[in-house]
Amino acid sequence: MPYPPYFTAEHDLFRQTVRRFVEQEITPVVAQWEEVGEFPRDILRRMAELGFLGVHYPPEVGGQGGDYFMAVVLAEELARSGAGGFPMALAVQTDMATPPIWRFGTAEQIARYLIPALKGEKLACLGITEPDHGSDVAGIETRARREGQGWLIQGSKTFITNGPRADFMTLVARTGDTPGYHGLSLFLVDLDLPGVVRTRLDKVGMRSSDTALFHFDQVRVPQQALLGEEGQGFYHIMWELQGERLISAAGALGSAQYAYDIACDYAKARKLFDRSLTGFQVIAHLLAEMATEIEAARQLTYETAWNFARGTISAKDIALAKLVSARMVNWVVDRAVQILGGHGYVADWPLERMWRDVRLNRIGAGTDEIMKEIISQEMGLRNS
Amino acid sequence: MPYPPYFTAEHDLFRQTVRRFVEQEITPVVAQWEEVGEFPRDILRRMAELGFLGVHYPPEVGGQGGDYFMAVVLAEELARSGAGGFPMALAVQTDMATPPIWRFGTAEQIARYLIPALKGEKLACLGITEPDHGSDVAGIETRARREGQGWLIQGSKTFITNGPRADFMTLVARTGDTPGYHGLSLFLVDLDLPGVVRTRLDKVGMRSSDTALFHFDQVRVPQQALLGEEGQGFYHIMWELQGERLISAAGALGSAQYAYDIACDYAKARKLFDRSLTGFQVIAHLLAEMATEIEAARQLTYETAWNFARGTISAKDIALAKLVSARMVNWVVDRAVQILGGHGYVADWPLERMWRDVRLNRIGAGTDEIMKEIISQEMGLRNS
Amino acid sequence: MADWLFHEEHDMFRETARRVVAQELAPHVEEWERDGFVPKDVFRRLGQGGYLGVRLPEEYGGLGGDALYEAVWIEELAKVGAGGIGAALSGHSTIGLTPLWRWGTPAQRQRYLVPGVRGELVAALAVTEAAGGSDVAALRTVAHPVAGGFRLQGSKLFVTNGVGADILVVAATVDPARRHRGISLFIVEKSWPGVKVLRRLDKLGWRSSDTAELFFDGVEVPAENLLGEVYGGFGYLMEIFLWERITMALAAVALAQKAVDEAIGYARARRQFGRPLNGFQVTRHGLVDLTADIEKARVLARRALYVHWLGQDATVAAAMAKAYAGEMVRRVTDGALQVLGGNGYMMPYPLQRYWRDARIVSIGGGTTEVMREILVKRLGIAQWMGG
Amino acid sequence: MADWLFHEEHDMFRETARRVVAQELAPHVEEWERDGFVPKDVFRRLGQGGYLGVRLPEEYGGLGGDALYEAVWIEELAKVGAGGIGAALSGHSTIGLTPLWRWGTPAQRQRYLVPGVRGELVAALAVTEAAGGSDVAALRTVAHPVAGGFRLQGSKLFVTNGVGADILVVAATVDPARRHRGISLFIVEKSWPGVKVLRRLDKLGWRSSDTAELFFDGVEVPAENLLGEVYGGFGYLMEIFLWERITMALAAVALAQKAVDEAIGYARARRQFGRPLNGFQVTRHGLVDLTADIEKARVLARRALYVHWLGQDATVAAAMAKAYAGEMVRRVTDGALQVLGGNGYMMPYPLQRYWRDARIVSIGGGTTEVMREILVKRLGIAQWMGG
């Protein structure tokens with residue numbers, strides 16, 4: 001059913017297609033991916049064939065030319081696999097590491113990185129966070145120094161989703177001596193180059209996605225590796241983070257709705273003291289409150305996405321949507337676990353996995369606290 | 001019933017006595033006091049006669065020589081009048097403005113101020129807060145300068161409970177030029193002196209207690225007005241604040257328990273959709289949660305009082321008890337209002353008044369935020 | 001402010017509304033709060049401008065707007081910072097007059113609606129009773145069918161405008177055995193024999209509006225003052241309550257935003273420990289938390305408004321919006337007050353009023369618990385628990 | 001640490017317990033978490049020291065302590081930072097062996113309790129079933145009276161130590177018509193015909209303890225393995241559950257404190273934006289909020305312990321302590337994890353384990369909702385809603 005003003009019948013159709021795909025090709029196997037700690041690369045090619053990898057990219061780079069709400073649909077529906085890892089890895093591929101190439105890249109960079117990425121042939125990752133600078137982009141220490149016709153990269157990046165197997169990284173490094181926000185630049189770095197050292201990291205959740213710590217030991221990249229303008233890396237990456245945060249909010253909606261659906265179905269079916277669990281008012285009201293919380297985050301995210309698609313959006317609005325949806329999904333999934341009781345704690349149901357997975361929503365793409373700093377700054381509270 | 005390890009049968013007996021007194025002599029008239037914005041001074045003399053004004057002071061100064069838990073009983077029971085104003089005023093009289101006299105005062109000061117205060121003959125107030133320095137004792141600007149055989153006081157104090165009618169003030173003023181915590185001293189100031197200007201303040205709650213803004217315009221006090229050691233005022237007043245905060249926590253317990261009792265009785269009696277309100281699980285569970293929150297604050301306060309009475313206590317422990325009980329009583333009374341619905345919003349029941357009154361618990365005697373600063377400092381978090 | 005919901009024409013109307021509020025209402029807040037009611041000449045002045053019928057056709061003296069325009073008016077009204085004024089005016093127009101427009105006969109509209117929209121008579125809706133609370137089906141005021149009409153017997157509690165109103169729209173049961181299907185609405189003139197104001201209630205907030213306990217002692221109501229279909233009352237009330245909930249949510253958001261704006265202003269100006277209050281990270285993040293809370297309520301309220309404006313069933317959206325906004329505005333005004341510290345507790349600072357006014361939103365118009373019951377049923381979670 | 005509740009002798013025992021935990025348990029956490037159980041030789045080593053029977057008389061190999069001493073042991077055990085270890089050991093001693101001591105015959109005690117306290121056999125308590133959850137009265141495992149004893153038929157879920165245990169204390173109904181008054185307890189040896197471990201459950205946390213689904217397929221239980229009175233089971237279980245709740249609350253407080261301590265350590269060491277994390281007021285106040293939350297749980301748990309130790313009915317105090325601690329430890333470990341940011345999500349940092357382990361506390365031993373039901377009834381708020 002169309003859902004004005006955001007979704008048309010076309011979005012609905014796409015939603016059904018994705019939902020079917022998820023049910024048939026992801027949900028049945030995702031537990032294995034979780035077990036081995038990575039998804040199979042085949043699935044990217046398969047999704048590219050189905051037209052799921054470039055929904056809101058233009059056809060000339062291999063995209064489907066859809067609007068931003070197509071991306072929202074995809075994020076919501078992928079979350080219904082009950083595992084956050086693979087959707088996160090996919091979002092890195094399509095909405096985090098690659099949009100800057102489309103936006104700031106040369107024709108050659110687009111041909112070499114973006115188009116293969118959207119075909120599922122190259123795996124992308126994004127290098128912002130460093131071991132000593134969690135959320136502090138201004139503190140980035142990885143250096144890229146000009147040498148001859150190219151650059152020499154030295155430094156470390158951590159918590160890199162897709163890192164262990166990625167073919168290239170969209171990397172933020174310091175190219176100037178000005179401290180803080182200035183003097184950062186973006187690079188596209190092939191990860192088979194000498195001097196790239198990766199260490200796999202072990203996470204408590206999101207386990208169908210693999211994560212790495214990178215060390216770049218005097219890695220030599222050509223001049224053409226520079227993405228966008230030299231010294232503008234901070235602004236480029238701030239732009240990227242907007243999309244990253246918004247798609248994370250959309251994914252949170254999908255996860256929360258799925259957890260709610262599971263808990264509601266369970267509570268209706270489960271009998272306790274001779275009635276169904278929803279016959280207990282505290283459970284019924286809790287479900288009503290969960291639905292309300294989901295709806296609030298949903299409307300906030302949709303409104304933000306609507307404005308984002310039109311370019312009339314501030315970092316504050318996106319940070320708010322991300323903050324609200326991250327807290328919401330954590331609360332909703334936690335309550336769903338509680339409703340299932342002991343069953344929520346064991347792996348027979350996807351909720352224990354989702355509970356671990358969604359915890360990252362309050363940490364990744366900027367912690368809750370960083371979101372609040374961004375918001376308070378735009379509210380004019382920070383610098384008075 | 002004795003309540004080990006805190007209350008003996010003797011405390012119980014005292015509790016019954018106070019409860020009867022409150023029911024007979026305060027509750028029936030407190031609405032009038034609220035209306036006129038002050039309590040009648042007679043009630044202090046009456047309570048002195050009954051032995052309620054100096055429960056934990058030694059007999060030589062007119063006290064009853066009880067232990068600290070007698071004061072806890074008194075604070076809890078007075079709160080059951082359903083109005084916070086008068087109990088607050090009384091606490092200023094017995095637990096805030098006067099303990100420093102007993103602790104740091106000369107025999108003459110005790111005779112002149114403490115003993116009449118405990119007889120209900122002199123009304124006391126405490127002057128710490130200033131218009132520009134809410135919770136910041138170190139920022140105090142009121143000055144006392146030596147002149148001749150005495151001192152000349154200049155400055156302002158605000159939010160002074162009992163201020164409009166008080167006979168004397170236990171005042172904190174700056175006597176030295178060292179900024180911050182040093183150079184503060186305590187004074188006992190007769191308020192009929194020339195240069196003392198009072199303005200009555202209008203509060204949203206605690207209306208049976210009157211409050212004033214003071215201006216001291218070159219008020220001349222004798223040398224003997226100095227209370228305790230010169231320059232030690234900060235430490236004297238920090239000691240005073242411990243007792244003030246703890247008795248506020250005890251009062252919060254009494255208010256919360258009273259609100260719970262009202263809400264529980266109401267919910268049992270009230271019929272909706274053909275059952276009693278407690279027949280709705282959300283209401284019943286809410287009451288159970290209220291009882292639990294009260295109990296947590298109660299045990300924390302009692303444990304703290306036990307240690308306080310033995311002198312084995314830190315500012316952090318007291319700040320924790322105050323913070324927890326202030327938040328608790330606000331939440332409990334708010335939930336009680338919700339249970340009564342429209343009846344909670346009108347003055348037919350004491351809850352709307354209590355809701356306004358207890359709001360001050362999170363502001364007075366140091367805001368929640370100040371409590372957290374104190375706690376974080378003692379946790380070793382603040383200065384690293 | 002133009003966005004996917006409000007367009008430029010709404011923004012223009014908002015400017016007008018803001019001016020009217022600033023001129024006609026804002027200067028009198030303290031006076032009306034003290035007196036406990038909005039004077040009748042204010043109704044007349046607003047009526048002349050059409051503001052008592054933003055959504056009503058021009059033939060009845062309204063502005064001929066729609067739900068979006070009325071929403072704009074409600075929001076601006078809320079920003080006066082005294083919920084009682086909004087309560088008095090909405091009690092008259094949104095819930096008092098709307099039933100006359102929706103279900104009134106031409107004669108009823110001429111007699112009551114037109115002067116009502118002009119502000120020449122003040123209306124009130126009398127539904128809640130002492131015993132029933134949120135349980136409309138259990139109301140005990142009875143309208144006995146008698147020759148030529150009905151005889152009304154019973155009492156009503158928490159009637160906004162009940163003391164000052166000239167006409168009352170009263171819900172009564174014609175047939176108690178039919179429970180909620182036995183309810184009808186009646187237009188009752190205050191001056192009729194047997195209509196008694198038992199008392200004016202003393203309230204925590206919303207003090208610019210009067211709230212009454214009323215008693216109908218065998219009041220003879222002529223048949224022509226039956227409003228709409230006999231036994232149609234419950235459905236009518238549900239429709240009125242639905243819109244009331246949406247407007248309460250919108251007003252709560254506006255009030256909360258005002259409270260936060262004032263707290264921010266205070267935090268910028270006030271110094272503590274040698275720096276401005278907003279130099280403390282805890283203050284800043286606290287204000288962000290309040291803002292996030294408002295935003296959640298705002299989008300829910302806007303969704304409910306939009307769904308209703310589209311002509312779709314907004315029951316679920318309105319229940320969510322009201323439930324969330326009622327709890328939000330309590331938390332947010334409380335948090336804003338805390339920023340002011342001791343001054344937040346003082347009467348000269350209006351924040352204490354916002355905080356008191358906010359407290360009714362989770363109670364009036366159906367408590368949060370009742371909203372959740374509606375959701376439980378309408379979302380298919382479980383059977384209605386309260387019945 | 002000596003205060004009104006714990007005295008110097010308890011502090012001394014705490015030192016000993018701490019040493020034992022540090023030597024015998026702490027070095028093996030990662031290994032046992034990976035393997036999913038605590039090896040049997042650990043039980044034996046602890047048993048030799050008496051730590052499997054802190055509260056049990058010395059004649060059975062215990063330490064002859066009381067509830068306070070066992071509380072000390074439970075707290076120190078929790079501070080190892082792996083809830084599964086505490087679960088495995090308490091599943092054996094606190095809820096597995098205690099019924100043998102309390103209601104066992106001399107023969108049962110010699111045969112099962114004494115080797116149990118020595119750690120030579122591992123015990124488990126099997127009560128919960130897939131269908132019933134918290135509703136013990138509804139359990140479906142039946143013990144049919146047969147010649148010479150009973151025949152046990154049914155299955156059990158969420159049995160801590162169920163995979164590795166040598167003996168099981170099984171709750172079954174001898175007469176379903178009597179509902180909860182028809183329940184008895186039986187001592188079942190794991191090796192008996194018909195006792196089947198259906199599977200080992202894969203859990204979010206408490207991974208050092210094994211959790212089983214068990215099936216009793218016509219297991220013949222001799223009459224001498226009936227534990228206590230026939231039909232006495234429900235009362236016995238209530239007593240065991242009461243103490244279990246108190247110990248869970250105590251352990252939750254200890255775990256939460258450990259989480260906050262580690263978060264504080266991290267906040268002191270970690271720099272962000274050019275200063276240590278604890279240079280941020282929001283971090284500091286956040287840690288204070290967590291501390292206040294812990295303190296509330298701590299005093300409730302201590303109260304419950306004290307009332308129980310006094311020999312008074314601790315049902316209310318224990319329900320409050322368990323309800324509060326279960327929610328607290330979830331909030332606190334979550335907040336502590338947040339302080340670590342991305343590192344909080346990484347397996348090498350133990351906080352992620354505390355956070356996973358904490359999640360069971362509001363579910364196991366009776367959910368928070370069940371605790372509130374107990375309070376509703378015992379505080380006289382209303383009738384028991386669940387039944």
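On a predicted model such as this, the values are computed, not experimentally measured, just so you know. Proteins get letters first, then strands, A, B, ... in listed order; numbering begins at 1 in each.
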What do the steps show when you test A/Ile375 against A/Leu323 for side-chain contact (heavy atoms from CB on, under 4.5 Å), and what is the final call? CA-CA 10 Å; A/Ile375 297 162; A/Leu323 174 68; 4.1 Å; yes

Determine the option with the most heavy-atom pairs under 4.5 angstrom with chain A, choosing from D/Met346, D/Lys203, D/Gln352. D/Met346

Less than 3.5 Å apart, any donor N or O on the side chain of D/Thr367 or A/Gln338 sitting next to an acceptor on the other? no

Taking atom CZ of D/Arg140 as the centre, does the number of heavy atoms from other residues, nucleotides or ligands within less than 6.0 Å exceed 12? no

Sort D/Arg331 into side chain, backbone, both or neither according to what part of it lies under 4.5 angstrom from a heavy atom of chain A. neither

Please flag which part of D/Arg207 lies under 4.5 Å from any non-hydrogen atom of chain A: side chain, backbone, both or neither. neither

Going from NZ on A/Lys316 to CD on A/Gln377, what distance comes out if it is rounded to the nearest 0.5 angstrom? 13.0 Å

Select, from A/Gly342, A/Gly139, A/Gly364, A/Ala138, the one with the greatest count of heavy-atom pairs under 4.5 Å involving chain D. A/Gly342

Measuring centre to centre across the rings, with the benzene-like ring taken for any Trp, is D/His285 within less than 6.0 Å of D/Phe280? no

Part of D/Arg353 lying under 4.5 Å from any heavy atom of chain A: neither

Report the option among A/His343, A/Lys203, A/Lys271, A/Arg359 that has the most heavy-atom pairs separated by less than 4.5 Å from atoms of chain D. A/Arg359

When the 4.5 angstrom heavy-atom criterion is applied to D/Thr368 and chain A, the contacting part is both

Roughly how far, to the nearest 0.5 Å, is the CD atom of D/Glu33 from the CH2 atom of D/Trp206? 12.0 Å

So what's closer than 4.5 Å to chain A heavy atoms on D/Leu201: side chain, backbone, both or neither? side chain

Per-residue tally against chain A (heavy atom, under 4.5 Å) across D/Gln338, D/Gln272, D/Arg356, D/Arg270 peaks at D/Gln338

Counting only heavy atoms closer than 4.5 Å, note whether D/Phe273 contacts chain A via side chain, backbone, both or neither. both

Aromatic ring pairing A/Phe280/A/Phe273, orientation class (parallel under 30°, perpendicular over 60°, tilted between): perpendicular

Option that, when pairs with chain A are counted at under 4.5 Å, heavy atom only, ranks first among D/Asp202, D/Ile360, D/Leu340, D/Thr211: D/Ile360

Between D/Leu157 and chain A, which part of the residue has a heavy atom less than 4.5 Å away: side chain, backbone, both or neither? side chain

Partner chain D: residue of A/Leu201, A/Asp132, A/Asp274, A/Leu360 with the largest heavy-atom pair count (under 4.5 Å): A/Leu360

Restricting to non-hydrogen atoms, name the atom on A/Ser156 and the atom on A/His215 that form the minimum distance, rounded to 0.1 Å. OG-ND1, 3.0 Å

Of all residues at least two apart in sequence or in a different chain, which pass the side-chain hydrogen bond (donor to acceptor under 3.5 Å, both in side chains) check with A/Trp349? none

Out of D/Asn343, D/Thr283, D/Val282, return the one with the most heavy atom pairs under 4.5 angstrom to chain A. D/Asn343

Which portion of D/Arg359 sits near chain A, non-hydrogen atoms under 4.5 angstrom: both

Which bit of A/Leu340 comes within less than 4.5 Å of chain D, counting heavy atoms only: side chain, backbone, both or neither? neither

Heavy-atom contact with chain D under 4.5 Å, split by part of A/Phe159: side chain

Residue pair A/Thr161 / A/Ser209: nearest heavy atoms and the distance that separates them: CG2-OG, 3.4 Å

Counting heavy-atom pairs closer than 4.5 Å to chain D, which one of A/Val346, A/Asn330, A/Asp334 comes out on top? A/Asp334

Under 4.5 Å from a heavy atom of chain A, the part of D/Arg330 involved: side chain

The reported gap from CD in A/Glu369 to CE in A/Met371 (rounded to nearest 0.5 angstrom) is 9.5 Å

Over 12 non-hydrogen atoms of neighbours within 6.0 angstrom of CZ in A/Arg200: yes

Chain A shares the most heavy-atom pairs under 4.5 Å, among D/Arg271, D/Glu369, D/Arg372, D/Met347, with D/Met347

